[in-house]
Amino acid sequence: MGKSESFFGDPDPIFADKELLRVSHLPEGDRIIGRDQELKKLANAIKDAQRGGTPNNVLIYGKTGTGKSLCSKYITRDLTQAAAENGVKVGVSYVDCFQESTETQTVRTIAQTLNDPTQTDVTVPHTGVSTSDYYRRLWEILDTRLDVGIVILDEIDKLEDDNVLMQLSRAVEAGKVTDSTLGVIGISNKIRYKDSLNERVKSSLSERDFVFPPYDANQLREILKSRADAFREGVLNEDVIPKVAALAAKEHGDARKAIDILRYAGEIAQANGAEQVREKFVDHAREQAETDRFRELIRGSTPHSRYVLQALTILSLDNPNKEGFRTTTIYDLYEEICRQNGSESLSLRRVRDLLKEHAFLDVTEQTRRSGGSAEGSFTEHQLLEDPEVVQSVLTGDIEPE
DNA sequence: CCTCCACAGGAATTTGCGGGGT
DNA sequence: ACCCCGCAAATTCCTGTGGAGG
């Protein structure tokens, strides 16, 4: 990979090691930037585990791309190493609750990742056992091969029910595990997530709360600089990084997006046959990054789901200063769009569900309102993405068949 | 406290599709 | 080739909800 020699022609004139600009790339410890305070606090919250004690349960809030998962993964890896030096066995399980959204899936994943069949007699089949059986096996795995288990629940707000949280957060005091102990790190990008929890879970799960603020322009600049090795020497024009950082900071403070923009800027330079990545590519790169991210978000949604979205988009474009649109307004326009496309419209009830799915994927946001005296109550929907971007994705890629 | 409106969303049910098993 | 099962999409029916004004 590092070698630039290729069967397909000249070595890459722009990128030296593009992997550095992949979001999945996990930097080494000294490359986490602008999160010193957060790392310190996190370490403090779970430090008891180092000597085999019970770590505090932690809830982390913050918008996307503020380093929540990154810091959690890093700090637990560090903890595992430090604990090993004390002869304490720590196991870390990372679960993406967006993928594993039900109780059973979550427990199964935790058990699977913490298990090591060479050390335990326990197997964790993919299917065929009951939820309580998964729990039983998980407790057994913990007791036989670990001193401390740490479970990172990413996108915890996407969990369908909080039974898992109840079980995990109370496992120790309920005597489910005896020779080991357990801690939970919950990650959410909804600040209000805690409000939706029931009291018992709330108090035991959020012994410590942290909020990760968005990165400011300086921090973003540092982060981008640390990845500048991805480019060949002298290729990256010196005003590119400040420009990307400024753009990203102004809009969202999302490091992931900032890195994406930088990568796209490089790709655009490549496509144009330029020998340098210049500032003028950045604006275009930002558009591209946003469009691509959004395309990914609605990939696989059905035609009708798109029509609904299109209706909302048209409304947003036509009324730039309006905040939200009611379901029925959207539905009327949606019916119109169906007619134009020559397909039967779905029922209002179904469209409600489709809109809810968009809200779930953070494409839109729903707000319940009340009109007041004898005016009824209703829900308003608002696009979270720039309508122009949505529009271009919706009209641009009509996938055949 | 009750009413009234414009919805929201739960429950039950139907329809259509794909993957095994025989 | 056939049926059965499970699943997801979609429909129909219906009860629930919020809050200003009576």
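Everything numeric here is computed off the predicted structure, so don't read it as measured data. Just so we're on the same page: letters track the sequence lines, and every chain starts at 1.
- In this structure, of C/dG18, B/dG10, C/dA20, it is B/dG10 that holds the atom nearest to the side chain of A/K356.
- Counting to the nearest Å, the P atom of B/dT3 and the CD atom of A/E375 are 19 Å from each other.
- Contact annotation: A/S347 does not reach the phosphate of C/dA10 (side-chain N/O to OP1 or OP2, under 4.0 Å).
- Rounding to whole angstrom units, CZ of residue A/R349 and C1' of C/dG16 are separated by 13 Å.
- Residue-level contact check: A/T302 touches neither bases nor backbone, having no heavy atom under 4.0 Å from any strand.
- Side-chain atoms of A/R369 stay outside donor-acceptor range of the base of C/dG19, with no qualifying N/O pair under 3.5 Å.
- Between A/F360 and A/F98, the ring planes lie parallel to each other; the angle is under 30°, not in the 30° to 60° tilted range.
- Across the protein-nucleic acid pair, A/E357 atom CD and C/dA10 atom C1' stand 12 Å apart, rounded to whole Å.
- One can place CG of A/D353 at 10 Å from P of C/dA9, the figure rounded to the nearest angstrom.
- Nearest to the side-chain atoms of A/A374 among the listed nucleotides C/dG21, B/dA6, B/dC5 stands B/dC5.
- Between A/E380 and A/S373, the residue anchored nearer the 5' end of DNA chain B, judged by the nucleotide with its closest heavy atom, is A/S373.
- You'll find that the side chain of A/R368 is closest to C/dG16, out of C/dA20, C/dG16, C/dT11.
- With rounding to whole Å, A/H381 atom NE2 is found 8 Å from B/dG9 atom P.
- In the set B/dA6, C/dA10, C/dG21, the nucleotide with an atom closest to the side chain of A/L346 is C/dA10.
- Candidate nucleotides C/dG18, C/dA20, C/dA9 were compared by shortest atom distance to the side chain of A/R350, and C/dA9 ranks first.
- Between A/D36 and A/K40, none of the side-chain N atoms (NZ, or NE/NH1/NH2) sits under 4.0 Å from a carboxylate O, so this pair counts as no salt bridge.
- Two residues, A/T379 and A/G376, neighbour DNA chain B, and the one matched to the more 5' nucleotide by heavy-atom proximity is A/G376.
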Go through it in stages, so that I can follow the logic: the residues are A/L354 and A/E357, the test is side-chain contact (heavy atoms from CB on, under 4.5 Å), and I'd like the CA-CA distance, side-chain angles, deciding distance and then a yes or no. CA-CA 5 Å; A/L354 292 178; A/E357 282 168 26; 4.0 Å; yes
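- For the side chain to side chain donor-acceptor pair (under 3.5 Å) criterion with A/D116, the lone passing option out of A/T118, A/T113, A/T120 is A/T118.
- Distance A/H304 NE2 to C/dA8 C1': 15 Å, rounded to the nearest Å.
- Taking atom CZ of residue A/F378 and atom P of nucleotide C/dG19, one finds them 12 Å apart after rounding to whole Å.
- A/L348 has its CG atom 14 Å from the C1' atom of C/dC14, to the nearest Å.
- At least one side-chain heavy atom of A/R35 sits under 4.5 Å from a side-chain heavy atom of A/P213.
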